[in-house]
Amino acid sequence: EEALERVAQLPASPENLRRAIDVRTGLHAPLFVVGQVPRLIQLHQEAEDLARRLDDQPRLASISARMSTYSSMEARYADGVEYGQRALRIATALHDPERRIEACYALGVNHEARGDHRAAIDLFTRALKMEPRYAEAWRGLTLAHAAAKHAGAAREALERYLALRPGASDAASLRAR
């Protein structure tokens, strides 16, 4: 919070706007760990406004992907899909595979939560084609295949997930699906 106060006192310039964005998005890990999703949403909305003023497309893609994730955590799946689609459009236009992976995953989580298993499977698969060691995407693919009653594909995705996360705390619950 002190960093937010200090960055607000800096003279207006594009570089200082980028600093203001980064301070806000940099609070993701500590606030996420303690479950402060409403505060994260507020900070990322502020960061989004600043990034739009700068037309900073890479930062907008990352912010949109995170907002997609936060929306899913708040059970606002339609918003999550909208943010995820925005993140994916920007990342695709930038030819940025890392941000495309992030967007595909966040969008997949929202589609899965809405019950659109086919879209979720497609999005998790797209993320995994770009980064086959993305454990959380294997987990998402497991859940989507299980919900779609694709038992064989769900087992295969689960095994890939557990190979990457051998001590996963959710292994037993995933196996039971």
Side-chain angles (χ1 to χ4, degrees), residues 1-114 116 119-120 122-141 164-165 169:
E1 295 294 326
E2 186 178 325
L4 287 169
E5 291 173 20
R6 291 198 188 274
V7 79
Q9 296 170 358
L10 295 173
S13 73
E15 187 56 37
N16 287 337
L17 284 177
R18 283 189 278 283
R19 283 186 183 101
I21 294 166
D22 294 344
V23 166
R24 285 166 172 78
T25 60
L27 290 170
H28 168 80
L31 292 175
F32 192 84
V33 167
V34 295
Q36 293 293 318
V37 176
R39 180 70 173 133
L40 284 167
I41 290 170
Q42 176 192 0
L43 291 170
H44 279 69
Q45 286 171 334
E46 292 170 7
E48 181 180 19
D49 291 341
L50 297 171
R52 284 189 192 289
R53 284 175 45 194
L54 286 172
D55 193 30
D56 189 328
Q57 295 299 302
R59 281 182 174 86
L60 279 170
S62 293
I63 292 165
S64 293
R66 281 195 182 162
M67 288 296 287
S68 179
T69 299
Y70 302 151
S71 295
S72 72
M73 295 174 73
E74 298 276 302
R76 293 185 2 245
Y77 307 119
D79 291 343
V81 167
E82 184 178 322
Y83 277 116
Q85 288 172 335
R86 181 179 312 138
L88 186 55
R89 273 193 310 274
I90 295 168
T92 300
L94 293 172
H95 304 286
D96 186 330
E98 185 176 315
R99 286 184 174 92
R100 282 179 47 217
I101 293 165
E102 183 181 26
C104 284
Y105 175 75
L107 197 48
V109 168
N110 279 282
H111 277 294
E112 178 56 28
R114 293 176 72 176
D116 189 349
D122 175 60
L123 288 156
F124 292 135
T125 300
R126 287 168 63 186
L128 289 163
K129 283 182 182 174
M130 292 179 275
E131 178 48 74
R133 298 193 50 80
Y134 190 3
E136 292 307 310
W138 285 112
R139 182 184 183 282
L141 190 60
L164 294 167
R165 293 277 194 283
S169 61

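The analysis underlying the following values was restricted to heavy atoms, covering all of them including side chains, and did not include hydrogens, waters or symmetry mates. Bear in mind that the values here come from a model prediction, so they are computed numbers and not experimental data.
Asn16 places a side-chain N or O within donor-acceptor distance of the main-chain N or O of Pro11, the cut-off being under 3.5 Å. Looking only at distances, no side-chain donor or acceptor of Trp138 sits under 3.5 Å from a matching main-chain atom of Phe124. Between the side chain of Ser68 and the backbone N or O of Ser64 there is no donor-acceptor pair closer than 3.5 Å. Between the side chain of Arg99 and the main chain of Pro58, a donor-acceptor pair closer than 3.5 Å is present.
Just one of Arg86, Arg59, Arg24, Arg66 meets the side chain to side chain donor-acceptor pair (under 3.5 Å) condition when paired with Glu48; it is Arg86.
From Leu141, atom CG reaches atom CG of Leu123 across 11.0 Å, with rounding to the nearest 0.5 Å.
Residues His44 and Tyr83 are not in side-chain contact: their nearest non-hydrogen atoms beyond the backbone lie 4.5 Å or more apart.
We find that Arg53 and Asp49 are not joined by a salt bridge, their nearest charged nitrogen and carboxylate oxygen being 4.0 Å or further apart.
When all heavy atoms of Pro97 and Met130 are compared, the closest pair comes out as O-SD, 4.1 Å. Between Ala20 and Leu50, the closest heavy-atom pair is CB-CD1, 3.7 Å. The heavy-atom pair separating Leu107 from Val81 by the smallest distance is CD1-O, 3.4 Å.
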Could you walk me through whether Gln45 and Met67 pass the side-chain contact (heavy atoms from CB on, under 4.5 Å) check?
CA-CA 8 Å; Gln45 286 171 334; Met67 288 296 287; 3.7 Å; yes
Apply side chain to side chain donor-acceptor pair (under 3.5 Å) to Asn110 and Ser71, showing your working.
CA-CA 8 Å; Asn110 279 282; Ser71 295; 6.0 Å; no
Can you list the steps and then say if Asp22 with Arg18 is a salt bridge (charged side-chain N to carboxylate O under 4.0 Å, His left out)?
CA-CA 6 Å; Asp22 294 344; Arg18 283 189 278 283; over 6 Å; no
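For the residue pair Gln42/Arg39, the side-chain donor-acceptor check at 3.5 Å is satisfied.
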